[in-house]
There are 2 protein chains.
Amino acid sequence: MKKEKYHHGFLEKDLIEKGLQLLNSVGLEAFSLRKVAEMCGVSHTAPYRHFKNKEELIQAISTSVSDEFTSLINEAIAENEGAYRKQIMAVSKLYVKFMVENPEHFKFIFMTDHNNPIIMKDGKFNRTDRWIVSVLENLFTGLRGNDGTGESSWPLDALTVWSLIHGFTTMLVNNTIKYEGDYLDAVTLMLEEKVKIS
Amino acid sequence: MKKEKYHHGFLEKDLIEKGLQLLNSVGLEAFSLRKVAEMCGVSHTAPYRHFKNKEELIQAISTSVSDEFTSLINEAIAENEGAYRKQIMAVSKLYVKFMVENPEHFKFIFMTDHNNPIIMKDGKFNRTDRWIVSVLENLFTGLRGNDGTGESSWPLDALTVWSLIHGFTTMLVNNTIKYEGDYLDAVTLMLEEKVKIS
DNA sequence: ATACTATGTTGACAATGTAAACATTATCTG
DNA sequence: CAGATAATGTTTACATTGTCAACATAGTAT
């Protein structure tokens, strides 16, 4: 089989795209560099011109997914400008919804890369999991003014809400529970009735 | 090097034990059947007489770890016989503590095997994540009597507490947050002050 | 046009999971 | 106790995979 062009043209982007595709179909365990290369129509070592190793491609895919996700979060916050409670609720629901609908994305964002040190750069954390906690902290800070307890270095409300949402999401994604009915209603119930957010 | 005995004698147990050892030192990603076999002093295919494949050995290790964990939970419940609130609090703390102190165990119990169907056998779930939810459900049922809302098929309190605890633990284990001070105090704070358990 | 650099390819190697054929030992049955 | 049978291990072989080194091709800059 002859090749049209020796150079692919946009291999880096394509590796990320096809890589994500592969991941969504076979899962993280069966993910293979050589398969991604084949999907892109290049030799099995071509990816090494763009990524140091397999881990780095996965990291790039993770970043790509994270970016998509964080955009949505920022949108939801913008749409409820000024109303902190609504923002918190919107972010919580968006989070659960996005992860349940994209379980493979969830794994990338939350089950990879946990040994990387957390770095703040350009006012944003390098790890999405840490970043979203900071988003919630900011929302709660706005909600409460600046009346921190002075004791805990952690805004307890943000910690509580995020723990709750993250845990619930994890269970849904991992099939630990199957919530009968609309799981977004469950989020509302838990936050409003149990944690008294609204 | 001559072999003392052709037959190992207790290879199945040893594979699980050495396997867990390997996992704690190199992590799930670098876990290898051949290495475990070598640690046990047998040929690289010997494990196949005891486990269908790599996945099954991992599953066995996971079960072994889960058993250890569930014993502790049952102990904690027994120690607070009759006092549901205390039981819930004890189970919550034990859970966080155990996972933070054994992060590799955490991965086994909660990051593996999520495609397996959940089966109840001998009155116990095959998956620890599902099992602990049921434990909490029972505790809350005892606490509340039988005044279910009738609407939700899920006891909302159990769901809330478990989501909270599980999410908090996940963040600690994954280094999403570093809680300054005693994280067990954070559990108390969140459950008592935010979710009003005690 | 020529040199340099970025991007791809080929070929090789080691580590790994797994299957098949064979070897050794334990256990069962008479 | 002796032979049969099942359980447990070993050797060999093979396909997949990640990665490296050496080489090829094509843009790009001087």
Need one value for A/Phe31: base, sugar-phosphate or nothing, where a base atom within 4.0 Å counts as base even if backbone is also close, heavy atoms only.
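The answer is sugar-phosphate, as A/Phe31 gets under 4.0 Å only of primed atoms, P, OP1 or OP2.
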All pairs passing side-chain hydrogen bond (donor to acceptor under 3.5 Å, both in side chains) where residues 22-39 of chain A contributes a residue, at least two apart
none
Rounded to whole angstrom units, what separation is found between the [atom1] atom of [X] and the [atom2] atom of [N]?
X	N	atom1	atom2	value
A/Phe10	C/dT7	CZ	C1'	14 Å
B/Arg34	C/dA14	CZ	C1'	11 Å
A/Glu12	C/dA6	CD	P	14 Å

Does A/His8 have any ring-ring contact (aromatic ring centres under 6.0 Å, His included) partners at least two apart in sequence or in another chain, and if so, which?
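Once residues adjacent in sequence are excluded, the partners of A/His8 under the ring-ring contact (aromatic ring centres under 6.0 Å, His included) criterion are A/Phe10.
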For residues 8-18 of chain B, which residue pairs pass the salt bridge (Lys or Arg N to Asp or Glu O under 4.0 Å) check, not counting sequence neighbours?
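Counting only pairs at least two positions apart or across chains, the salt bridge (Lys or Arg N to Asp or Glu O under 4.0 Å) contacts touching residues 8-18 of chain B are B/Asp14-B/Lys18.
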Ignoring hydrogens and angles, answer whether the base of C/dT10 and the side-chain atoms of A/Thr45 contain a donor-acceptor pair closer than 3.5 Å.
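Between C/dT10 and A/Thr45, which were checked side chain against base, a qualifying N/O pair under 3.5 Å is present.
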Whether the side chain of B/His44 and the base of D/dG9 hold a donor-acceptor pair under 3.5 Å is what I'd like checked.
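By the distance-only test, no, there is no pair.
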In B/S/- notation, 5' to 3', how is nucleotides 3-8 of chain D contacted by protein heavy atoms closer than 4.0 Å?
-----B
Reckon A/Lys54 has a side-chain N or O less than 4.0 Å from the OP1 or OP2 of D/dT17?
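No, A/Lys54 has no side-chain N/O under 4.0 Å of OP1/OP2 on D/dT17.
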Counterpart residues, salt bridge (charged side-chain N to carboxylate O under 4.0 Å, His left out), relative to A/Lys93 (two or more places apart):
none
Can you check whether A/Ser92 reaches A/Leu191 side chain to side chain, under 4.5 Å on heavy atoms?
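In short, these two side chains touch, coming nearer than 4.5 Å.
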Specify the residues of residues 13-20 of chain A, ordered by number, for which at least one heavy atom lies under 4.0 angstrom from an atom of DNA chain D.
none
Hey, can you tell me if B/Tyr179 and B/Phe168 have their rings parallel, tilted or perpendicular (30° and 60° cut-offs)?
perpendicular
